[in-house]
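Some notes on the structure that comes next.
Reckoned from all heavy atoms, side chains included, excluding hydrogens, waters and symmetry mates. We name chains A, B, ... by the order of the sequence lines, and we start the count at 1 in each one. The structure displayed is predicted, hence computed values, not measured ones.
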Amino acid sequence: MPTMNEAQMKAITAGDGPALVLAGAGSGKTRVIVERIVWLIEERGVDPRNILALTFTNRAAAEMKSRIAARLGVERLATWVGTYHSFGLFVLRREMERLGRPKNFTVFDDGDQLSLMKRLVKGLSAGSTKVSPREALSWISRLKQETEEPGDEESLNEEDAVFRELWPKYHHALEKARAVDFDDLLGLPAKLFGEDDEVREKYRRRYTHILVDEYQDTNRVQYLIAKELSGEGGNLFVVGDEDQSIYSWRGADITNILDFEKDFPGAATFRLEQNYRSTKAILAAANAVVACNVERLGKTLWSDQEGGDRVGYCLVADGGAEARWVVDTIAKRGFEPRSTAILYRTNGQARAMEEAFRRKGLAYIVVGGIKFFARKEIKDLLCYLRILINPVDGESLRRIVNIPPRGIGGTTLEEVNSISERRGIPMLEAMREMAEDLAHSARARNAAAAFVALIDTLALKAGSDSVESILEAVLEATGYRDYVQHSDEKDFRARLEVVDEFIASCAEFDERDEGGLEIFLQDLALVSDTEGYSNETPAVALMTCHSAKGLEFDNVFLIGMEEGYLPHGIAAESDEDVEEERRLCYVAMTRARKTLLLSGAETRVVFGEGRDRTPSRFIDEIPEGQLEKVASEEAATRGRARPSAPRAAEGELRMGAKVRHGTFGKGTVMYTSGSGKKLKVRIRFDSGMSRQFMVSAAPLEILEGKRK
DNA sequence: GAGCGAAACGAGGAT
DNA sequence: CGTTTCGCTC
């Protein structure tokens with residue numbers, strides 16, 4: 001990849017004081033941060049430990065880390081490079097006691113927040129307006145990210161009144177469980193830096209140089225953290241692109257980047273408008289779309305990469321046809337899987353794609369979506385582990401107190417809750433009292449006593465052992481494996497597999513980190529599922545447009561170019577929201593290096609029924625000369641018999657082919673039987689086990705041995 | 001309190 | 001269409 005010239009790079013990276021780099025898509029903005037850090041260390045002699053680099057995703061942090069380390073030629077980097085949230089957690093662990101709270105707090109992820117809020121909404125008085133727990137959470141979260149608290153002004157909106165009623169209940173529950181949510185990870189440190197001079201000075205001395213990536217995505221709290229730490233005229237170096245601001249729904253405040261020069265007087269501003277990633281054809285189309293936005297500073301990216309195809313657009317019959325068109329095109333044009341991506345607006349769109357990939361026997365990987373640690377089995381076990389570290393975490397207790405079933409149902413639990421509220425003691429202690437109190441039934445007392453004894457026994461282990469062995473003890477003492485095995489006949493193997501995977505990740509943590517269970521649990525809340533993916537993965541990547549930010553691919557399919565998806569239906573009403581959808585479209589389009597193919601369907605099954613669809617307005621915004629209408633083969637031969645997809649798979653799944661099964665791992669095809677939809681294969685797995693599968697139903701991925 | 005089948009309900013993006 | 005909640009019976 002061509003890069004910006006030395007002189008230009010020097011001008012940007014060699015400097016003191018605050019600086020803003022407005023860097024367009026594909027202009028090499030990560031490199032700017034890397035070079036600035038290298039310059040600080042090598043030319044300025046800044047101690048690497050005094051530098052703090054903040055990103056938004058772990059993936060971006062990992063990439064930045066390895067690039068800096070490579071440039072410096074060191075094995076271990078002393079510079080703190082990580083996400084804003086992990087930095088917040090890092091600060092909280094050290095300073096929690098200053099806030100008058102113990103260190104063994106629980107970090108609640110979105111799932112924890114949701115179940116808590118569901119309960120609170122249910123508990124509202126009967127006359128209250130019905131509100132959705134999700135909306136209540138985002139209302140609260142928005143205020144917290146803007147560092148505000150609900151005021152007492154008379155609100156005209158009934159919903160807001162309910163949200164305001166939920167606010168103290170929610171925070172009381174968090175405090176009672178000794179838990180913090182995602183927003184607290186930033187909000188509490190920001191509060192400390194703002195109010196405690198001693199703490200602020202300590203961190204200012206420690207981090208003399210601060211760098212922020214994707215500055216357009218920062219919210220108010222993140223802005224405050226950067227400002228407090230960098231101090232007057234401090235060394236704050238931020239990089240961002242207002243055209244790629246796609247996280248306003250998460251609290252990102254675009255004025256942070258727009259007002260940077262005002263907030264940090266004397267700031268140097270640089271603009272990077274040359275794109276080194278995409279062809280002229282792709283960039284022209286993407287520019288045309290984003291140029292339709294009114295609210296922008298207006299910068300025009302250019303590329304000197306001639307050649308390449310015009311951007312393609314294929315209008316297909318329905319969702320199934322779209323998926324087949326994608327996989328057929330990949331096969332026909334010989335796109336290399338590792339440098340090909342399918343991007344979509346909503347996670348639900350992945351399903352049809354996955355099916356098409358499986359049928360075709362093409363390797364794919366879905367990035368993001370349902371998180372591994374959010375799966376039921378993992379969540380159950382996590383909640384056990386949390387209680388061992390933080391025995392007052394009643395929210396986690398609620399989840400697992402009757403898993404596996406041990407005779408503590410809703411009625412008993414409510415009784416425990418009322419003891420807990422009445423006496424002002426944690427749930428676990430309430431259960432201890434219940435077990436002793438003859439006023440309760442013998443059945444309830446015995447069940448409560450057994451649970452308390454179970455937790456007490458496990459808690460003894462939790463202090464000293466490795467995470468893996470504590471987890472094994474939990475599995476053993478609770479009989480969790482038996483529970484999984486007997487609770488659901490159908491997919492218990494896959495679920496046991498999930499448990500084993502979790503054990504493996506605990507063991508991995510034990511090897512890597514000395515922190516023990518407390519650290520393990522707190523870190524886990526910040527782990528996202530997109531981290532496992534890199535461009536090295538030999539598979540076509542399927543992900544949302546949001547997840548694709550920061551990545552690039554030779555070939556990009558942007559599917560579902562229809563009103564309702566992109567722009568999303570929920571955003572259609574406000575111009576502001578449509579502009580963000582347009583930026584999202586721009587982000588997705590500019591992921592492509594060589595080929596960009598768009599698609600949309602005429603009809604699609606939504607909510608169980610077929611509906612007519614309208615092509616996205618963003619398609620119309622691309623000048624006609626820059627868009628090539630392509631027809632799917634299917635449309636061209638419509639009416640004629642189409643060779644069925646399983647036949648294609650049959651040819652590829654011949655004897656000796658190496659495959660990977662979603663549950664059992666790698667194996668070799670021993671023989672095939674049947675044909676078409678009934679095609680069966682017997683596979684011997686590397687573990688020695690052999691099994692037979694229906695190709696049409698099994699999660700098989702062909703690794704090698706495809707038809708020559 | 002547990003287990004089952006029926007009914008109702010719910011899909012935006014994610015650190 | 002897939003998942004969660006409801007409501008009944010044991």
Closest approach of A/Gly394 and A/Met427, non-hydrogen atoms and distance?
-> CA-CG, 3.8 Å
Reckon A/Asn402 has a side-chain N or O less than 4.0 Å from the OP1 or OP2 of B/dA2?
-> yes
For A/Thr218 and A/Glu214, indicate whether the former's side chain and the latter's backbone hold a donor-acceptor pair under 3.5 Å.
-> no
Show the distances under 3.5 angstrom between N or O atoms of the protein and N or O atoms of nucleotides 5-10 of chain C.
none

For nucleotides 7-12 of chain B, which of its nitrogen or oxygen atoms have a protein nitrogen or oxygen under 3.5 Å away, and what is each distance?
unit_1: B/dG12; atom_1: O4'; unit_2: A/His568; atom_2: NE2; d: 3.3
unit_1: B/dG12; atom_1: N2; unit_2: A/Arg345; atom_2: NH2; d: 2.3
unit_1: B/dG12; atom_1: N2; unit_2: A/Glu581; atom_2: OE2; d: 2.9
unit_1: B/dG12; atom_1: N3; unit_2: A/Arg345; atom_2: NH2; d: 3.0

C/dC1 P sits how many Å from A/Glu355 CD, rounded?
-> 12 Å
Of A/Leu413 and A/Thr83, whose closest DNA chain B nucleotide lies nearer the 5' terminus?
-> A/Leu413
A/Asp110 side-chain proximity, nearest of B/dA14, B/dT15, B/dA2 = B/dT15
Check the distance between B/dG13's P and A/Tyr565's OH and give it to me in whole angstrom.
-> 10 Å
Run the salt-bridge test on A/Glu563 and A/Arg617 with the 4.0 Å N-O cut-off and return the result as yes or no.
-> yes
Which is true for A/Phe56 with a 4.0 Å heavy-atom rule: it touches a base, it touches only sugar-phosphate, or it touches nothing?
-> sugar-phosphate
Roughly how many Å is it from CE in A/Met543 to C1' in B/dA14, rounded to a whole number?
-> 14 Å
Closest non-hydrogen atoms of A/Gly88 and A/Pro189, given as atom of the first, atom of the second and distance, are O-CG, 3.6 Å
Regarding the side chain of A/Arg250, the nearest nucleotide among B/dA14, B/dA2, B/dG1 is B/dA14
Once the angle between the rings of A/Phe520 and A/Phe502 is folded into 0 to 90°, is it parallel (under 30°), tilted (30 to 60°) or perpendicular (over 60°)?
-> tilted
Hey, can you tell me if A/His546 and A/Trp249 have their rings parallel, tilted or perpendicular (30° and 60° cut-offs)?
-> perpendicular
From the candidates B/dA14, B/dG1, B/dT15, the one with an atom nearest any side-chain atom of A/Ser547 is B/dA14
Fit a plane to each ring of A/Trp80 and A/Phe90, take the angle between them on a 0 to 90° scale, and name the class: parallel (under 30°), tilted (30 to 60°) or perpendicular (over 60°).
-> tilted
Would you mind classifying the nucleic acid contact of A/Thr412 as base, sugar-phosphate or nothing, using non-hydrogen atoms under 4.0 angstrom?
-> sugar-phosphate
Rounding to a whole Å, what distance do you find between A/Leu343:CG and B/dG13:P?
-> 14 Å
For nucleotides B/dG13 and C/dT4, find the distance between their C1' atoms and express it as a whole number of Å.
-> 23 Å
Length of the line joining A/Lys549:NZ and B/dT15:C1', which is rounded to integer Å = 12 Å
Grab the CG-P distance between A/Asn446 and B/dG1 for me, whole Å please.
-> 14 Å
On DNA chain B, more 5' by nearest nucleotide between A/Thr544 and A/Gly407 is A/Gly407
Does A/Thr478 use its side chain to pair, donor to acceptor, with the backbone of A/Tyr480 at less than 3.5 Å?
-> yes
Rounded distance (Å) that lies between atom P of B/dG13 and atom CZ of A/Phe182 = 16 Å
Residue set satisfying salt bridge (Lys or Arg N to Asp or Glu O under 4.0 Å) with A/Arg613, at least two apart, ordered chain then number -> A/Glu562
How close or far is atom P of B/dA14 from atom CG of A/Asn58, stated in whole angstroms?
-> 15 Å
Please determine if A/Arg445 and A/Asp437 form a salt bridge, counting it only when a charged side-chain N lies under 4.0 Å from a carboxylate O.
-> no
